[in-house]
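Notes follow the structure.
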Amino acid sequence: MKTKITLFFAILFAFSTFGFSQTVKVTSKKVTYNRPETTENEYKRKFTLERPIVSGTTGKKIETILSYEKNFEINIKEEQTEISWLDAASFETIYNKNGILNVRLSVEGSGAYPSTYSKSVVIDTKLGTKITPQAVFTNIPGLVAKVSKMQKTEMKKANEDYKKDPDSADFDASTYFTSAKYTSKDLDDFSISDEGITLRYNYDFPHVALALQPLGEYLFTWKELKPFIKKGSVFGQFAK
């Protein structure tokens with residue numbers, strides 16, 4: 001009887017450990033920073049950071065990876081002076097299961113005009129490390145070629161849409177599209193879901209033409225990506 005009870009708790013512990021390894025708890029801590037009262041614009045006298053707080057044994061390591069300072073090269077001490085750009089920083093948990101955490105970080109700021117930047121970060125919660133394209137993808141040149149094909153289709157459609165719309169008929173996107181080329185470096189910006197992986201590209205249109213910029217998001221199902229998923233990687237569980 002004692003042996004059966006011991007075995008029962010051993011199995012229970014094993015399943016519990018497995019369950020806890022699949023997700024981590026992510027909560028939010030909002031911190032408001034003050035700037036000098038002499039700051040010329042009153043609305044710039046404060047800025048707020050919504051920081052992700054992560055529980056678990058790898059929580060601190062994950063929080064470091066999700067640092068706004070690290071991902072956007074922001075200097076919080078400098079931002080607390082009169083010469084400042086940052087208005088707010090926030091995050092959204094996109095995916096949190098199967099041992100993977102995907103968070104999208106966003107920062108908003110203003111200088112000559114307001115702007116927003118965002119970045120998707122994918123993390124192995126068991127190891128507390130960032131998941132890089134090199135760690136989960138194989139045949140990277142082939143994957144880049146596959147995304148490039150979708151990008152060319154997107155640019156072609158965008159040009160057709162510009163001509164159809166009277167407000168953008170005179171807009172010439174050739175300056176931006178000629179230099180637009182999806183490379184292996186662009187693989188760093190991706191997010192995951194139960195459906196598959198979304199890869200992104202920033203065309204970097206100027207602020208005055210930002211509304212005309214193509215979305216630059218390319219979704220591939222896990223089935224489509226199976227030939228490019230590295231066996232034994234954390235993504236291997238989806239490529240079956």
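Remember, predicted model here, so these are calculated numbers, not experimental data.
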Verify, without hydrogens or angle tests, whether [X] (side chain) and [Y] (backbone) share a donor-acceptor contact under 3.5 angstrom.
X      : Y      : result
Arg45  : Glu37  : yes
Lys119 : Val107 : no
Glu108 : Asp87  : no
Thr153 : Lys149 : yes
Asp186 : Thr183 : yes
Ser120 : Phe190 : yes
Asn71  : Ile65  : yes
Asn98  : Ile100 : no
Ser193 : Gly196 : yes

Pair [X]-[Y], side-chain donor/acceptor within less than 3.5 Å:
X     : Y     : result
Ser28 : Glu50 : yes
Glu69 : Ser67 : yes
Arg35 : Ser84 : yes

I need the [X] [atom1] to [Y] [atom2] distance, nearest 0.5 Å.
X      : Y      : atom1 : atom2 : answer
Lys130 : Ile123 : NZ    : CD1   : 8.5 Å
Glu63  : Lys70  : CD    : NZ    : 13.0 Å
Lys44  : Glu79  : NZ    : CD    : 7.0 Å
Thr132 : Gln134 : OG1   : CD    : 5.0 Å
Thr38  : Glu82  : OG1   : CD    : 3.5 Å
Lys152 : Lys181 : NZ    : NZ    : 9.0 Å

Flag the pair [X] / [Y] as yes when at least one side-chain heavy-atom distance between them is below 4.5 Å, and no otherwise.
X      : Y      : result
Phe238 : Ile229 : no
Tyr201 : Pro214 : no
Phe177 : Asn159 : yes
Val144 : Ile140 : yes
Pro133 : Asp188 : yes
Lys146 : Leu199 : no
Lys25  : Ile53  : no
Lys97  : Asp194 : yes

Flag if over 12 foreign heavy atoms under 6.0 Å of [atom1], [X]:
X      : atom1 : value
Ile83  : CD1   : no
Asp170 : CG    : no
Glu73  : CD    : no
Tyr43  : OH    : yes

Go through Phe205 and Tyr176 one step at a time and tell me if the ring pair (Phe, Tyr, Trp, His ring centres under 6.0 Å) criterion holds.
CA-CA 7 Å; Phe205 275 27; Tyr176 314 106; 4.6 Å; yes

Look at the aromatic rings of Phe47 and Tyr33 and report parallel, tilted or perpendicular, splitting at 30° and 60°.
parallel

Tell me whether the rings of Phe171 and Tyr162 are parallel (<30°), tilted (30 to 60°) or perpendicular (>60°).
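Perpendicular.
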
Please report the shortest heavy-atom distance between [X] and [Y], naming the atom on each side.
X      : Y      : answer
Ala169 : Lys163 : CB-O, 4.2 Å
Lys30  : Thr48  : CG-CG2, 3.2 Å
Asn96  : Thr23  : O-CG2, 2.8 Å
Gly128 : Ile62  : CA-CG1, 4.1 Å

Any salt bridge between Asp124 and Lys61, counting N to O under 4.0 Å?
no

Hey, are Glu154 and Lys157 close enough for a salt bridge, meaning a charged N less than 4.0 Å from a carboxylate O?
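Between Lys157 and Glu154 there is no salt bridge, as every charged N stays at least 4.0 Å from the carboxylate O atoms.
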
Same cluster or not: are [X] and [Y] linked, directly or through other Ile, Leu, Val, Met, Phe, Trp or Tyr residues, by side-chain heavy atoms under 4.5 angstrom apart?
X      : Y      : value
Trp85  : Val31  : yes
Phe91  : Tyr117 : yes
Tyr203 : Leu210 : yes
Leu66  : Ile76  : yes
Leu127 : Val234 : no

Checking side chain to side chain contact (heavy atoms under 4.5 Å, CB included) for the pair Phe137/Ile197: CA distance, chi angles, key distance, verdict?
CA-CA 12 Å; Phe137 296 132; Ile197 294 178; 3.8 Å; yes

Sole residue of Ile131, Val103, Leu101, Val136 in side chain to side chain contact (heavy atoms under 4.5 Å, CB included) with Val122:
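Exactly one option meets the side chain to side chain contact (heavy atoms under 4.5 Å, CB included) with Val122, and it is Ile131.
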
Run the numbers on Phe220 and Tyr218 for ring pair (Phe, Tyr, Trp, His ring centres under 6.0 Å), then give the verdict.
CA-CA 7 Å; Phe220 295 93; Tyr218 316 108; 7.5 Å; no

Tell me, with the steps shown, if Thr138 and Lys231 meet side-chain hydrogen bond (donor to acceptor under 3.5 Å, both in side chains).
CA-CA 9 Å; Thr138 187; Lys231 292 181 179 179; over 6 Å; no

Pair Trp222-Ile192, side chain to side chain contact (heavy atoms under 4.5 Å, CB included): steps then yes or no
CA-CA 10 Å; Trp222 290 113; Ile192 82 163; 4.3 Å; yes

Ser118 pairs by side-chain hydrogen bond (donor to acceptor under 3.5 Å, both in side chains) with which of Arg200, Arg104, Glu92?
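So, applying the side-chain hydrogen bond (donor to acceptor under 3.5 Å, both in side chains) to Ser118 and each of Arg200, Arg104, Glu92, only Arg104 qualifies.
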
